[in-house]
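A quick note: this is a predicted structure, and the numbers were derived from the prediction, not measured. The analysis underlying the following values was restricted to heavy atoms, covering all of them including side chains, and did not include hydrogens, waters or symmetry mates.
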Amino acid sequence: MKGFFATFKNDHWVMPYLRRYRKLLALVLFLGFMTFFCGGALMFNSGYLISRAATHPYNILMIYVPIVLARAFGIGRPAFRYAERLTSHNWVLRIVSDFRKRLYQAVEKQAVAIRQTHQTGDVLSILAEDIDHIENLYLRTVFPLVIGWLLYLFVVIGIGYFNWAFGLLMLVLLGVIVLVMPLLSVAVNGRREFQARQVQRTFYTQLTDAVLGLGDWLISGRRGDFLEQQDQPIDEIATLRRADHHFQWWRNFAIQFIFGAAVILIVWWAGVMFTHNQSEANWVAAFGLALFPTVEPFSNMSQGVSEWPVYQDSIKRVNRLDENVPEQVAQTEIGTLTDLTLDHVKFTYPGAERQVIDDLSLALHPGEKLALLGPSGTGKSTLLKLILGDEQPTSGTITLNGEPIEKLQEQRAQLFGVLDQQPYLFNTTVMNNVRLGNLNATDEEVRQAVKAVELDDLISRLPLGYQTQVQEAGSRFSGGERQRLSLARILLQDAPIIILDEPTVSLDPITEQHLLDTVFSVLKDKTIIWVTHHLAGINHVDQVRFIEDGHFDMQGTPADLYQKNARFRALYDLDRGR
Amino acid sequence: MGYFKLAESGVQPVVLIKVIAFYHLLRGGFFVIDQRVFKFPGVKPAALMVGILTLIQAIMIIIQAQYLATAIVQLWKQQPLETIVFPLAVFAVAFLARHLLTLLKDWLFYPFVEKTTKKLRKQFMAKLFDLGPSVVAQEGTGNVVTMGLEGIDKIQTYLMMIIGKVLDLSITPWLVLIYIAFIQWKEALFLLAIYPLIILFMIILGLAAQTKADRQYAGYQRLSNHFVDTLRGLPTLKQLGLNEQYADNVYQVSEDYRKKTMATLTIAMTSTFALDFFTTLSIAIIAVFLGFGLMNNTIQLLPALVILTLAPDYFAPIRNFANDYHATLNGKNALTAVLDILQRETPTDRELLPVREPVWQADDTVNFSHVNVAYGDDAATLKDINFDVHGFKKVGIIGASGSGKSTLINTLGGFLSPAEGQISVRGTAVPHLDQKAWQRSFVYIPQAPYLFHASLRENLAFYTPDASDEAVNAAVARAGLTDWVATLPDGLATQIGEGARGVSGGQAQRIALARAFLDDSRRVLLFDEPTAHLDIETEVDLKKTMMPVFKDHLVFFATHRLHWMNEMDYILVMDHGQIVEQGTPAELQQLNGAYVRLRSEMEGATTR
C-alpha cells in the first residue's frame, strides 16, 4: 500500500490525465456501472415478474411494467456494454496520443544522456512498452476496480435502505471480495510477479545470448551444456507459474464461497423481511436472483489488481524520465561562418577518471577539409560530440565565429550536417525521407539532390519511383544507397559544416570509393570534418590528423605525410594492399 | 446441433472435440484449435477426466438452481423459515461443490499443461541447437527468442483454456437444456433455437469485422510502428533540426491511429455485442414467457424459477469462450509457429566423417565439386563451386560485397548445406559439412565474434571448458591480451558481453583467436572479414598476432582488405556466387584477369 502511494507521489503521467479527461472518464464509469446494473436488474425484475405472475393477477396490465422493464434491461445491458467498451478504448487511445507526444519530448530533451547510459534500441522499446502498460492499467485495473466499487456501494446502499443492519453485514461480506481480496492479490502476487519478472529477464538475456552465440555453441559441440543452461530458468518459471495459478484458483474459490454465503444470507433475510403478505413475498425471488450477475465484475477486480506491479514499474520509469532535464543556456545566432576554433580543449566524462580529450587546439576555415584518424577509443567520437555541442568541454572553448558552441544549439541544424555510420531512414517514402533535409524543398529540388548523389536512375526505375517505401530502418536499400539518400538529405539541409562520422565503415572498398568520390564532389564548398578508420580516399582532404590518447600526434597534408612520415607511409601502403 | 447427440452417447471427449472443431471450421473458422494439440502425450486421459468432472459440475449447477428456487418458492408461499433450511443447505453444498469442481479440474489438468509446455520449451531449445545459426538468422533472433519465451507462455494459457472451455461448451449447455426440456419443452425449444442463431450472427459480424480489419491492416501496422520508428530516428531528426516540430507530428499520427482503431473496434465489437444482446435478451424473453405461462396457469412458480435461474448458465460457456477468444487465437498462432519450427528438418548424416585427433592434419584434403548452395529464397547463392585444398594452406577468398564470400565460409562451417554437388573431406564423401567431427576441427572468426554474457575466462575457454589456468594464461599471452587483462578489475573473472563491460572490436578478435590457441586439436581457421570494421592501426597490430597462428593451420580468409592476400598461398576470387578465378597469387597476377581487375579497382579506392 505504501508503495502504491509512493508511486503516485510525484506522478505526472497517470493522475493528470484522469483529471484532464474527467468528463469522458465519468461517462466510461457510468456506462460500466449501467452494464452490470442492467444485468442485476434484469434478474431482479424477472424474479419479481414471475412471482407476481404466479399470483394470477386478473389483468395482464398488472405485470405490464415488469414485462417492459425485462426487455429494457435485456437490451440495456449489451447496449451499455458495447458503449462502455468503445468509450473506454477511445478514452485510453486519446491518452496514448498525449503520452506519445510527452514521451517523445522527454526523450528528445535527453536524447544524448539516454544514449550514453543505455543501448538505444532497448530503452526505446521499453519506453514504448511502458505506454502500453499504462494503457492496460486503465483498461484492466482502474476501470474494473472503480466500476466494481460503484456497484458494491449501490448493492450495499440498496439493501441498507430496507434494513441498515443487514446492509452493514453485506458491506462487510462483499467488502471482503472487493477490498480484501484485491489487496491480498497485490500482496501475494506482487512479490511473486516481481520474482517472475526477474526470472523472465534472466531467461530473456540468457536465451538471447545463447541464440546470438549459437554458431559458437554448435562448433563447441557442447549440446548438453547448452540445454542444461536453459533448464534452470525453465524450471523456475514453471514453479512460479504453478504457485501463481494455485493462488488464483484458491482466491477465485474463496470469492465464490463468500459470494455463495451472501446469496444464502440475502435469501434468508428476504425470508425474514418480506413474508408478511403475498405482495411482499413477490420480492423474495427478486432479491434472491439479483446478486448473481454481480459475481463477474467483482471477481475481475482481483485479477486486474494483481497486474499492478507490472504497471507500477512502468509508471515509475516514465515518471523518472522527466527528472534531470538538462539546463538551458541562453542562445544567440551567428551569420556567415568564418571559422571553427578549438582552443585547448580538455574533456573527461563525468565520473570517469581518464581524460578522453587532452588539450586539443584546432582552427578550421570555410571550405577546409580535415580527416581525423586514430585507433578506436582514442576520443574521435567524443571530439565530434564536443564540436556538435552534445558535450561541454571540461576546460577550453569551442567556438564558431567566436561564439561558444553551446549558445548556438538552436541554430545547430543550419550550421552542421551529419553523416554517420548508420543514418536513419524513416519508414515512409523516399521523397519524404529526403525532404526531411528541408521541409520547404519542392519535389524538383528533392529530385535534384537525389540526382547529385547519383541515385536518380535507380529510384526512377523503381515501380513507385520516389513514392517507394523505404521500409523499416531503410531495409529496402543497401548500405551504400542508404548513405547516399542521407547525403541527399544533407545537400538539401545546406549547412556550412559537414561532419562525416565513419560513413563507410561497413562498405566494401569499391562501394566505399564511389561513395567517397560522390561525397567530396557534392560537398566541395563545405567545411568537412571526417572521422575515418582507414586511409581509403584520404587524398580528398587537405589536412590529416591522427589522434592518439586524446591529443594530435601526426598532422599534415596527405602528400606531405606520405613523404616525410614513415608510419603514415606504412599504413597507406598497407591499405593499398602492398 | 450436429454434435448434440454425440454428447449423450458417451463418445470419447477427444473425438468429440475434433467433431466440434470440424463443425466450427466448416462454419467460417470460428473455432480455434490446432489439431496437433491432440498429439501431445497425456492429453487424452487428462481431457477425459476433465470431461467427467464437467459432467458432474453440470449436475451440480442444476441441483443448485433447483434448490435455490425451492427455497425462494417456500418463502413466496409464506412458509416458515424452517422450511427453507434444507433447500438452502442443499443449495450451499451444490454451490460449493460446483466451484470446488472448477478448482479440481484446474488442479488435475494443470500437470499435463505444465509438463507439455516444459517439454515444448526444452524441445524448442534442442531444435534451435540442431538447426544452427543460419536458420535462426533467417527467422530473426528477436523472433526466435520471443517464440521461446512469450510464445510458449501463450501456448500454456491456450492449452489451459482450450480443452476445458471446449468441454464445458459441449457438455454443460446441453445437460441444462435437457433438464429444462423435462420441465417445460417449449422454453427448451426456444433456447435450443436461439443457439445457432447466436453463433450465426457472431460469424457474420465477425467476418465483416475481419474483412474491414484486413483492409486497414497495412496502414494500421505502419501507424502503430511509427512511434518507435520516430524514437529510433531521433538522433537523425536532431541533426536535421526537426526534433521539436516533430512532436506534433507524433501526436497527429497517434490521433489518426486512434480514429482508425476506433473505426475497426466499432465493428469488431459488434460480434461480442451480438452474443451479449441475444443471450441477455433471451433471458428477458424467457422471463416474459414464463410470466405469461404462470398467468395462464400452464406452469407453476417452482419450475418457472428453476428455468429462469438456469437460463444464464445455459449461455455462460459460450460467453466465456467468446470472452477469451483473442487469447485463444494468440495461443493458437503461437502454437502453430512453435510446432512449425519443431517440425523443421535438421541435417541428418552428421557422423559420416570419422573422428580422429586432430581431425585435420598436414596431409588431409578437402574438395568441393560442383557445389550449389541456396540460401533463403532470393539471397546470395553459390553456383558450381569447385576447389581442392590440402594440408595447412592459407586460402584467401576475395570479392565485392554480395559476391558470396560469407555464404562460402558458412558452407565450410556446416551452417549451410549444399543443395547439390559433392564435398569430400579426407576422402570421405559428405552431403554437408555439418559433421560432428568437422565441427571439432575449426574455429570460426566473423567480423564481430560473439562474446557471451559471462566471465572473460568462460569466453576464452568456450570450446575447452576444462582448460587449465596455465593454458588459459598462455593463450591470453599468445593472443596479445595480457596487458589488457591486467587492467581489468577482476582479471579473467571480469564479466564481459552484452550489458557488461565493453570490449573493443580488436580485443574481441583476440579473444576469438585465443579460443583457437586453447584448443590445439582445431587446426582449421575460418575467417569472415575479421578486420572489416577495425581501424588500420588496430588491424596492423592484430595481423602481427595472427600471422604466427596461420603456420600449422588450414586457413580460409574472406576479406576485402587487400594486404592479406600477400600472405595467402591460394586465392579464390568470387563474383555473383561463383568462383571466377583461383590459383596462387603469382598465377593470378600472371593471368591478368578478374583478380588483377578487382585488385586495381580496390586499390584505386585507397590511392585516389
How many angstroms lie between [atom1] in [X] and [atom2] in [Y], if you round to the nearest 0.5 Å?
X: B/L451; Y: A/L212; atom1: CG; atom2: CG; answer: 11.0 Å
X: A/S51; Y: B/L75; atom1: OG; atom2: CG; answer: 10.5 Å
X: B/T309; Y: A/M43; atom1: OG1; atom2: CE; answer: 6.0 Å
X: A/N90; Y: B/R258; atom1: CG; atom2: CZ; answer: 5.0 Å

Whatever's closer than 4.5 Å to a heavy atom in chain A on B/F91 counts as side chain

Engaged part of B/F129 at the chain A interface, taking heavy atoms whose separation is under 4.5 Å:
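Backbone plus side chain of B/F129, per the 4.5 Å heavy-atom cut-off to chain A.
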
Parallel, tilted or perpendicular, as decided by the 30° and 60° cut-offs, for the rings of [Y] and [X]:
X: B/F452; Y: A/W217; result: perpendicular
X: B/F273; Y: A/Y82; result: tilted
X: A/W250; Y: B/W107; result: perpendicular

[X], part contacting chain B, at a heavy-atom distance under 4.5 Å:
X: A/F546; value: side chain
X: A/R223; value: both
X: A/H276; value: backbone

Six-ring centre of A/F203, B/R121 cation under 6.0 angstrom, axis tolerance 45°
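Checked: cation-pi criterion not met.
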
Within 45 degrees of the ring normal and closer than 6.0 Å to the centroid, is that where the cationic atom of A/R241 sits relative to B/Y110?
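A/R241 over B/Y110 ring: no.
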
